[in-house]
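Reckoned from all heavy atoms, side chains included, excluding hydrogens, waters and symmetry mates. Below, read A as the first sequence line, B as the second, and so on, with proteins coming before strands; counting in each chain starts at 1.
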Amino acid sequence: MFVHILTRLFQSLVTMAAMAVLVFVGVFAIGNPVDLLINPEADQAEMAAAIARLGLDQPMWRQFLSFVSGLLQGNLGTSFVHNAPALGLILERMPATFELALLAMIFAIVIGVPAGLVAGLYPERLVGRGIMGASILGFSLPTFWVGLMLIMVFAVWLGWLPSTGRGETRSLFGIEFSFLTLDGLRHMFLPALNLAIFKVSLVTRLARAGTREVLLQDYVKFARAKGLSPARVIFVHVLKNMMIPVVTVIGLEFGSVMAFAVVTESIFAWPGMGKLLIESITRLDRPVIVAYLMLTVLLFVTINLIVDLVYSVFDPRVRLSESS
Amino acid sequence: MTLSQDLSSEVPVLDVRNLCTRFFTEAGVGKAVEDLSLCLRRGEILGLVGESGSGKTVAGFSLMGLIDPPGRVVSGQVLFEGVDLTALNERALRKLRGNRIAMIFQDPMMTLNPVLTIGTQMIETLRAHRRISRAEAWSRARDGLARVGIAAPEERLAAYPHQLSGGMRQRVAIAIALLNEPSLIIADEPTTALDVTIQAQILAEVQRLCRETGTALIWVTHDLAVVSGLADRIAVMYAGRLVEEGRTEAIIEQPLHPYTRGLIASVPSRNLRGERLRQIPGMTPSLMSLPEGCAFAPRCDRASEACRARAPVMETPASGRMVRCFHPLTAPEDRS
Ligand SMILES: Nc1ncnc2c1ncn2[C@@H]1O[C@H](COP(=O)(O)OP(=O)(O)OP(=O)(O)O)[C@@H](O)[C@H]1O
Ligand code: SF4
Ligand SMILES: [Mg+2]
């Protein structure tokens, strides 16, 4: 197990390095921030001074080297716009996105797994068909439209839930979180639901497919031949096997929910990383974009690692073959 | 009609009467088991023999009440210790399954749940049927593994199925079947997937255990040679029907049904060295489109007009044996 973790860590480092190159080159290619950043009225000398200050007069490879050396010291550059460390800007926004994504994934599991299980157990019945119909809707409706509908129904018409901002926050380990207060939770509900809709559909389909496949296995029939109760067969024999693919995908999806909460955060004015990214892209604030992407890569790599470990808890075959 | 009535007054463990199981699929109705009658007494071992697809597994599941849609037991009775299982509800059946009637499946690699330990899978079998503590269930499970010849049973209880070999897994499945001391075990080709030496070991052990505990056993196989040394009686199945049933020696020494004779002729050990194995010509018919009369007629060298017009029923010729054939073989000279 220990060797396994070390190997995986090393793989993760290599991935990070490769991504650093790609991200840097990619962002370099999207445009010259000078045009956007510097007052067009400025004269030649002012312009040159500004360019030099931002380090944009250096050739690309030099810029890359200074980027890498900064990276190794944990410095991802300074925002052109805010004139503050890019990493700090992002990290400041991260808890908001994190808690939102977490709640969204909880929604996805709490709704998706039971729905998928029921749909898998009764594929021919009305409930099964209904659930699948709903999941197709969840897949095909665009996030922004669902978001607007949620706001209209729950915030405007019914007036049950707030639709903008984080609400009241409370600090935990020096970080502000919304989920610690009732008001904060109420503010989280709609955006998290919006973020979750697609994932609920995904988890439902996975859980259904998994259930149907597992039901056909000999070991389920054997469990029945042993005289076990239907509850034991379903909640132990079927569920435990069906959760293996679901856990993997949920883990991986968590990364994408965090990294791409952009639309939802914009609609619900949720001050997370996604909103920051949009702002930075419109202003070509390269260091922030690069830092954001690097952080996203780090996030995915870490999640992959965790999924790998959690997976081995669920699937003894993985756990044991590695240790022997 | 049943053997036991004239042989003993004791209620047979299993008395199956005219059982029919069909699959209602889009391609048509598959008569997987048709007019199956069987009788087993305490401690008796019956070999159920037939080619692949002849309905042996379906027959086993039908007895357990484990036929799933699109299949259904359409008629007949399964009297288990005098109680008709086809009339019981699911709850009552569950009390019997794994408790009074146990089954061992065909493929040992697939029967154990990959994410649960051997111990969990054994203990749940015990606790589903009796109120005992985990600790007691655990020690019974351990003894159960030891009984089927598994070394270091304590360690095995903590193991997951993939850590065990195929032979070992099948021993575990057998141990699970024996756990609640059932009076009937249905073993569905439990050794087919294993290599020959392990097959022989398991065979001998199951036989010993059944003799010791008085458990009746139905040993399903497509290999006549396997059961001829094990079973008290043999039932031969063809295209969903029993075609012949009788004491093992009688069946082997003097088969009455042309299909049984074909099966015996294709067993390697009975052929002279150098002589080619005689295969039965033709193919197993599809259960969706069985011929009008005798299902074996297209492959039978004794087939007459009568065979093609009507289906033969199970009959008891003078010898007291049971055969489903209009022109049964009678004397050894008939074996051409
Ligand atoms: N789920 C099902 N749906 C439709 N038909 C089925 C189903 N299960 C079994 N059958 C039919 O029942 C027939 C008998 O199958 P069964 O598995 O009992 O054969 P078998 O004698 O056990 O063969 P084998 O030696 O290959 O295990 C099959 O040929 C098939 O046509
Ligand atoms: S009934 Fe006729 S066709 Fe069928 S096995 Fe007997 S002789 Fe052959
Ligand atoms: Mg079979």
Side-chain angles (χ1 to χ4, degrees), chain A residues 1 113 117 120-125 128-129 206-207 210-248 307-324, chain B residues 57 60-61 63-70 90-118 120-130 158-164 169 172-173 176-177 179-180 182 185-186 188 193:
Chain A
M1 196 73 202
V113 170
L117 189 64
L121 289 174
Y122 311 109
E124 303 299 332
R125 296 217 200 139
R129 290 174 191 275
L206 269 172
T211 303
R212 297 205 57 182
E213 196 186 312
V214 170
L215 279 179
L216 294 177
Q217 301 297 315
D218 269 5
Y219 56 75
V220 172
K221 196 138 192 172
F222 190 61
R224 288 166 62 204
K226 293 197 298 190
L228 304 184
S229 68
R232 173 109 194 151
V233 173
I234 290 168
F235 294 116
V236 176
H237 286 260
V238 175
L239 193 63
K240 270 202 141 185
N241 281 283
M242 175 269 262
M243 282 305 281
I244 293 173
V246 174
V247 165
T248 317
V307 167
D308 221 42
L309 301 181
V310 173
Y311 191 77
S312 72
V313 172
F314 272 83
D315 193 342
R317 284 163 292 190
V318 177
R319 194 187 327 158
L320 292 146
S321 59
E322 300 295 348
S323 67
S324 54
Chain B
T57 299
F61 284 142
L63 300 184
M64 302 277 295
L66 280 176
I67 294 289
D68 293 318
E90 182 62 24
R91 214 185 158 76
L93 271 177
R94 212 159 59 227
K95 284 202 178 128
L96 295 174
R97 284 188 204 127
N99 187 23
R100 309 305 309 138
I101 313 177
M103 191 158 175
I104 305 167
F105 285 21
Q106 206 157 349
D107 185 353
M109 305 313 255
M110 307 300 296
T111 29
L112 297 175
N113 193 318
V115 303
L116 302 176
T117 61
I118 305 297
T120 304
Q121 301 189 53
M122 295 187 82
I123 288 168
E124 67 180 2
T125 314
L126 284 162
R127 306 230 313 167
H129 298 292
R130 52 195 71 200
Y160 287 91
H162 73 274
Q163 293 172 285
L164 309 181
R169 285 190 220 186
V172 171
I176 289 177
L179 269 180
N180 287 312
I185 294 179
I186 302 165
D188 186 1

Any chance you could measure A:Asp218, atom CG, to B:Asp188, atom CG, to the nearest 0.5 Å?
9.5 Å

In Å, rounded to the nearest 0.5 Å, how long is the span from NZ of A:Lys226 to CG of B:Asn99?
13.5 Å

To check you understand the geometry: which heavy-atom pair defines the closest contact between A:Lys221 and B:Leu66, and what is its length?
NZ-O, 2.8 Å

Go through it in stages, so that I can follow the logic: the residues are A:Val236 and B:Asn113, the test is side-chain contact (heavy atoms from CB on, under 4.5 Å), and I'd like the CA-CA distance, side-chain angles, deciding distance and then a yes or no.
CA-CA 10 Å; A:Val236 176; B:Asn113 193 318; over 6 Å; no

Under 4.5 Å, counting heavy-atom pairs only, tell me which of B:Ile101, B:Leu116, B:Leu179 racks up the most with chain A.
B:Leu116

Atom pair OG1/OH of B:Thr111 and A:Tyr219 - distance to nearest 0.5 Å:
11.5 Å

Going by atom types only, do A:His237 and B:Gln121 share a side-chain donor-acceptor pair under 3.5 Å?
no

From CA spacing to verdict: side-chain contact (heavy atoms from CB on, under 4.5 Å), A:Leu228, B:Arg127
CA-CA 9 Å; A:Leu228 304 184; B:Arg127 306 230 313 167; over 6 Å; no

Part of B:Met110 within contact of chain A (heavy atom distance under 4.5 Å):
both

Nearest 0.5 angstrom please: B:Glu90 CD to A:Ser229 OG, how far?
11.0 Å

Looking at A:Phe222 and B:Leu112, what are the two nearest heavy atoms and their distance?
CE2-CD2, 4.2 Å

Distance-minimising heavy-atom pair for B:Ala128 and A:Gly227:
CB-O, 4.0 Å

